[in-house]
Amino acid sequence: MVNFSLEGKVALVTGASYGIGFALASGFAKAGATIVFNDIKQELVDKGLAAYEAAGIKAHGYVCDVTNEEQVNAFVARIEKEVGGIDILVNNAGIIKRIPMIEMTAAEFRQVIDVDLNAPFIVAKAVIPGMIKKGHGKIINICSMMSELGRETVSAYAAAKGGLKMLTRNIASEYGEFNIQCNGIGPGYIATPQTAPLREKQPDGSRHPFDAFIVAKTPAARWGTPEDLVGPAIFLASEASDFVNGHVLYVDGGILAYIGKQPQ
Ligand code: NAP
Ligand code: GCO
């Protein structure tokens, strides 16, 4: 029987006080995993803990900036001591800056690369030795449509998410022999705080033009929800995907397959 259960597993989901990370961690908990998450600020960790408790989930929350290698190494060591060895890592924490490239400062570009690409490297590097000792591990990197496509104003984000796709493939290549599977999830356009500016109503009450654009570009004719990502993530976190490695699973309602609806 194919095993989709996460019973007895310790899952670390970075940046999971809310948004996609919160949905994935909540789904993992319902599949039997013990949840660990982090955020940059204590008040957001506390807010996240309250939200998990309200959902009937006993989560472990810690303050950690995933771009800070010293903090991450101490964070992982503390999890291993207080909760247990990490079986599942979801590199979810991420930011975006929507600025035309020639107006973006190098510091702004570096900040996006730091969170969206350097941090998944730092956290995976800290977690993999424990997975090797355990004889198994699942790493899921949250990629993006921008791992495959570009668009105006998101140069740093696309560069980071494109790099994250290749980091995913390289971790799979380098550590597959230790029974560690590293895959990506490429969400389409998902309704979270990160995309709220793209869905805001216009001053005249009309829909944001980007909102209408995305719905026309998506065969499913809707924005995704964080819950749309939970089943694919449980698959990649479970034994059911033990022979899936180096793959990016796009959960996008069909955007990447579709040229888009002809404007009426
Ligand atoms: P979100 O609502 O902005 O949440 C991002 C989370 O990451 C927040 O909890 C944030 O914490 C945390 N975070 C940011 N920088 C951090 C750092 N240095 N250390 C620790 N935590 C940090 O974003 P989302 O929409 O849920 O997206 C989650 C992931 O999915 C991101 O990697 C994003 O790129 C990716 N994604 C999103 C979409 C979409 O359409 N929404 C589509 C494809 C991919 P703070 O609140 O403290 O900043
Ligand atoms: C944007 C959006 C996208 C989504 C997501 C798509 O400004 O284009 O924020 O980048 O967040 O990454 O997969």
Side-chain angles (χ1 to χ4, degrees), residues 12-26 36-49 51-52 61-69 71-72 75 90-100 110-120 122-123 140-165 167-168 184-200 208-211 213-214 217-218 222-230 232-233 248-256:
L12 166 59
V13 184
T14 64
S17 296
Y18 57 87
I20 288 172
F22 179 82
L24 298 185
S26 301
V36 184
F37 74 101
N38 69 296
D39 214 304
I40 307 176
K41 301 183 271 294
Q42 187 60 53
E43 59 266 30
L44 275 168
V45 170
D46 295 342
K47 182 181 153 202
L49 286 169
Y52 284 112
Y62 299 84
V63 174
C64 177
D65 176 350
V66 291
T67 66
N68 181 313
E69 188 165 23
Q71 279 189 32
V72 167
F75 171 43
V90 179
N91 277 310
N92 167 78
I95 63 170
I96 191 167
K97 288 185 184 297
R98 300 184 182 95
I99 305 168
R110 284 195 197 96
Q111 191 187 355
V112 175
I113 298 291
D114 215 15
V115 180
D116 294 4
L117 180 56
N118 292 343
I122 289 169
V123 181
I140 301 170
N141 293 321
I142 306 299
C143 297
S144 161
M145 292 290 91
M146 275 58 214
S147 296
E148 302 295 342
L149 303 170
R151 85 172 184 86
E152 299 78 8
T153 75
V154 296
S155 59
Y157 185 83
K161 293 298 188 179
L164 186 56
K165 174 175 75 172
L167 177 63
T168 299
I185 284 180
Y189 279 80
I190 311 295
T192 71
Q194 192 245 51
T195 55
L198 305 175
R199 289 177 281 108
E200 270 163 9
H208 192 297
F210 196 87
D211 178 0
F213 166 69
I214 287 301
K217 275 286 285 179
T218 308
R222 68 173 175 87
W223 284 73
T225 66
E227 289 67 32
D228 285 319
L229 303 170
V230 172
V248 178
L249 177 54
Y250 287 97
V251 186
D252 65 355
I255 290 180
L256 282 178

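Both ligands and their constituent atoms are indexed starting at 1 by order of listing.
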Residue portion contacting ligand 2 (non-hydrogen atoms closer than 4.0 Å) for Lys161: neither
Proximity of Asp252 to ligand 2 by residue part, where a heavy atom lies under 4.0 Å: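 Near ligand 2, Asp252 shows nothing, with every heavy atom at 4.0 Å or more.
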N/O separation below 3.5 Å, Lys161 to ligand 1: yes
At a 4.0 Å cut-off, with the gap strictly under it, does some heavy atom of [X] reach an atom of ligand 1?
X      : value
Ala119 : no
Asp39  : yes
Cys64  : yes

Geometric N/O contact Val154 with ligand 2, under 3.5 angstrom: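 No.
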N/O separation below 3.5 Å, Met145 to ligand 2: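 Yes; at least one N/O pair falls below 3.5 Å.
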Residue Ser144 vicinity, atoms of ligand 2 by number, heavy atom under 4.0 Å: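 Matching atoms, with element in brackets: 5 (C), 6 (C), 12 (O), 13 (O).
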Nearest to [atom] by heavy atom, [options]: which?
atom                    : options                       : value
atom 29 (C) of ligand 1 : Val112, Asn92, Ile20, Asp252  : Asn92
atom 3 (C) of ligand 2  : Tyr189, Tyr250, Phe210        : Tyr189
atom 36 (N) of ligand 1 : Phe37, Trp223, Tyr250, Tyr157 : Tyr157
atom 21 (N) of ligand 1 : Ala93, Ala16, Pro193          : Ala93

Shortest protein contact, atom 10 (O) of ligand 2 (heavy atom only): Tyr157 CE2, 3.2 Å
Closest protein heavy atom to atom 11 (O) of ligand 2, given as residue, atom name and distance to 0.1 Å: Gln194 OE1, 2.8 Å
Lys NZ or Arg CZ of Lys47 over Tyr18 ring: under 6.0 Å, within 45°: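 Yes, Lys47 and Tyr18 form such a contact.
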Distance-minimising heavy-atom pair for Pro232 and Ile185: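 For Pro232 and Ile185, the tightest heavy-atom pair comes out as C-CD1, 4.1 Å.
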